[in-house]
Participant: 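Below are the structure tokens for one structure; questions will follow.
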Amino acid sequence: MASVQAAGIESAFVDLTPTGVNLYANGSPMLTMDWDADSIQSLGAVLGIAGIDNADTLVKVLPLLSNMSLGVAMTFPGAGDSPTLIGKAPDAVASLAANQAAAAQVLGELGVPPFATGLLGSLGPLTIRYDAGGTATLEGLGMLAGFLPADALSGLNLPADQLTQVKELGIQALNVVTQPEGLAFTLNGNALPLIRWDSGQMQNLVELGLDGGALTALTGADAESLDALHQLGKYAPILQTTPLNITVVFPE
């Protein structure tokens with residue numbers, strides 16, 4: 001609660017509809033997922049693969065969400081009598097400019113020179129392929145491969161125990177496609193709900209949801225379990241401004 005108040009968060013709102021779910025803080029969208037009957041069923045399968053607590057129950061409940069509408073509002077000290085639950089949509093042009101500037105900064109931190117960043121948008125489909133030893137190779141970079149440090153892919157390599165876990169979970173391939181409206185995932189050929197980012201969700205997720213503590217207040221998740229979202233938020237500007245199609249293939 002202290003972090004929520006320190007961040008100036010006065011309200012949080014969960015808006016569940018048959019086509020998806022929206023999480024808001026102070027009227028700003030933090031997380032938006034679009035789904036249909038097929039993708040929400042695939043989401044249930046992923047929760048089972050990931051070993052989420054009570055996954056069996058969630059698998060049964062999730063399909064019911066495509067027929068539900070529900071709104072849950074939370075107010076915090078200082079909210080006043082009429083807190084904003086859903087605010088105005090941000091300016092699209094200003095958001096694009098901010099994302100482009102942030103993407104250039106992140107790429108610079110990764111050692112990619114400014115003149116090479118333009119090549120990202122012209123890339124075709126990329127494939128990260130793991131061999132039986134967990135070593136990753138990246139296919140499809142073309143000219144951009146020459147600008148990467150020699151050890152650029154070492155961070156992608158998987159230790160033997162993680163590779164074994166992936167195999168035990170039955171994960172064969174993961175595909176990620178960036179679109180103007182959001183991030184699309186496919187696991188083993190099955191489409192998952194679309195994670196939207198076209199209304200400032202990624203920035204709000206980090207500033208209000210993670211750093212501000214609103215997401216913990218809404219879900220009860222601890223900081224360690226939300227670390228993956230922090231990483232996604234860090235690289236989100238690159239994903240939002242670059243059309244990418246990346247497939248990760250694991251050994252059988």
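Position 1 is the first residue of the sequence; numbering continues from there.
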Participant: Would you compute the distance between atom OG of Ser28 and atom CD of Gln203 and round it to the nearest 0.5 angstrom?
Facilitator: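 So the OG of Ser28 and the CD of Gln203 are separated by 10.5 Å.
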
Participant: Please lay out, stage by stage, how Tyr24 and Asn22 fare under the test side chain to side chain contact (heavy atoms under 4.5 Å, CB included).
Facilitator: CA-CA 6 Å; Tyr24 297 88; Asn22 296 273; 3.4 Å; yes

Participant: Go through Leu43 and Met33 one step at a time and tell me if the side chain to side chain contact (heavy atoms under 4.5 Å, CB included) criterion holds.
Facilitator: CA-CA 11 Å; Leu43 177 61; Met33 294 177 65; 4.2 Å; yes

Participant: State, to 0.1 Å, how close Ile246 and Ile128 come at their nearest heavy-atom pair, and which atoms those are.
Facilitator: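 In this case the closest contact between Ile246 and Ile128 is CG2-CD1, 4.1 Å.
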
Participant: So, for Pro90 and Gly200, which heavy atoms are closest and what is the spacing to 0.1 Å?
Facilitator: CG-N, 4.3 Å

Participant: Judged by atom type as modelled, is there a donor-acceptor pair below 3.5 Å linking the side chain of Asn204 to the main-chain atoms of Leu208?
Facilitator: no

Participant: Mark yes or no for whether Ser199, through its side chain, and Ala89, through its backbone, hold a donor-acceptor pair below 3.5 Å.
Facilitator: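 No, the answer is negative, given that no donor and acceptor are paired below the 3.5 Å cut-off.
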
Participant: Give, for atom CG of Leu85 and atom CG of Asp15, the distance between the pair rounded to the nearest 0.5 Å.
Facilitator: 10.0 Å

Participant: Tell me if a side-chain donor or acceptor on Trp197 pairs with a main-chain N or O of Gln179 at a distance below 3.5 Å.
Facilitator: yes

Participant: Where do Tyr130 and Val248 land on the side chain to side chain contact (heavy atoms under 4.5 Å, CB included) test, with the steps shown first?
Facilitator: CA-CA 8 Å; Tyr130 286 94; Val248 183; 3.6 Å; yes

Participant: Same cluster or not: are Val249 and Val177 linked, directly or through other Ile, Leu, Val, Met, Phe, Trp or Tyr residues, by side-chain heavy atoms under 4.5 angstrom apart?
Facilitator: no

Participant: Tell me if the CD atom of Gln100 is crowded by more than 12 foreign heavy atoms within 6.0 Å.
Facilitator: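 Result for CD/Gln100: enclosed.
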
Participant: Counting C-beta onward and ignoring hydrogens, is there a side-chain heavy-atom pair between Ser39 and Leu194 closer than 4.5 Å?
Facilitator: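 A side-chain contact under 4.5 Å is absent here.
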
Participant: Report the distance from atom CG of Asp91 to atom CG of Leu96, rounding to the nearest 0.5 Å.
Facilitator: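 If we round to the nearest 0.5 Å, Asp91:CG and Leu96:CG are 10.0 Å apart.
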
Participant: Looking only at non-hydrogen atoms, find the nearest pair between Gly233 and Pro237 and report the distance.
Facilitator: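 Reported closest heavy-atom pair: O-CD, 3.7 Å.
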
Participant: Spell out, as yes or no, whether a donor-acceptor pair under 3.5 Å connects the side chain of Asn26 to the backbone of Glu10.
Facilitator: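 Yes, because the side chain of Asn26 sits within donor-acceptor range (under 3.5 Å) of the backbone of Glu10.
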
Participant: What distance separates Leu169 CG from Lys167 NZ, expressed to the nearest 0.5 Å?
Facilitator: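 Leu169 CG to Lys167 NZ: 12.5 Å, rounded to 0.5 Å.
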
Participant: Looking only at heavy atoms, which two atoms of Trp35 and Leu16 are closest? And how far apart?
Facilitator: CZ2-CD1, 3.6 Å

Participant: Within the side chain of Asn188, is there an N or O that forms a donor-acceptor pair under 3.5 Å with the backbone of Gly170?
Facilitator: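 Answer holds: yes.
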
Participant: So Thr178 and Thr242, do their side chains get closer than 4.5 Å, heavy atoms only?
Facilitator: no

Participant: Please name all residues satisfying salt bridge (charged side-chain N to carboxylate O under 4.0 Å, His left out) with Glu139, sequence neighbours left out, ordered by chain then number.
Facilitator: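 Expected list: Arg129.
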
Participant: Ignoring hydrogens and geometry, is there a side-chain-to-backbone donor-acceptor pair from Asn157 to Ala136 under 3.5 Å?
Facilitator: yes

Participant: To the nearest 0.5 Å, what is the distance between CG (Asn99) and CD1 (Ile238)?
Facilitator: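 So the gap between those two atoms works out to 11.0 Å.
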
Participant: Which of these, Leu192, Leu65, Val21, Thr19, sits in a side-chain contact (heavy atoms from CB on, under 4.5 Å) with Ile40?
Facilitator: Leu65

Participant: Between Asp131 and Gly133, is there a donor-acceptor pair closer than 3.5 Å when you use the side chain of the first and the backbone of the second?
Facilitator: yes

Participant: Taking C-beta and beyond as the side chain, do Val176 and Leu244 meet within less than 4.5 Å on heavy atoms?
Facilitator: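 No, every pair of side-chain atoms sits at 4.5 Å or beyond.
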
Participant: Hey, quick one: are Leu64 and Leu62 part of the same hydrophobic cluster, counting side-chain heavy atoms closer than 4.5 Å, chains of contacts allowed?
Facilitator: no

Participant: So, taking the atom named CD in Glu181 and the one named OG1 in Thr32, what distance separates them when rounded to the nearest 0.5 Å?
Facilitator: 12.5 Å

Participant: So which heavy atom on Leu174 is nearest to which on Phe185, and how close?
Facilitator: CD1-CD2, 4.3 Å

Participant: For residues Leu70 and Val61: do they belong to one hydrophobic cluster (side chain heavy atoms under 4.5 Å, members Ile, Leu, Val, Met, Phe, Trp, Tyr)?
Facilitator: no

Participant: Take Met202 and Ile195, measure what side chain to side chain contact (heavy atoms under 4.5 Å, CB included) needs, and give me the verdict at the end.
Facilitator: CA-CA 10 Å; Met202 290 293 103; Ile195 300 178; 4.2 Å; yes

Participant: Where do Leu163 and Ala132 come nearest, in terms of heavy atoms and distance?
Facilitator: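 Taking Leu163 first and Ala132 second, the nearest heavy atoms are CD2-O, 3.3 Å.
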
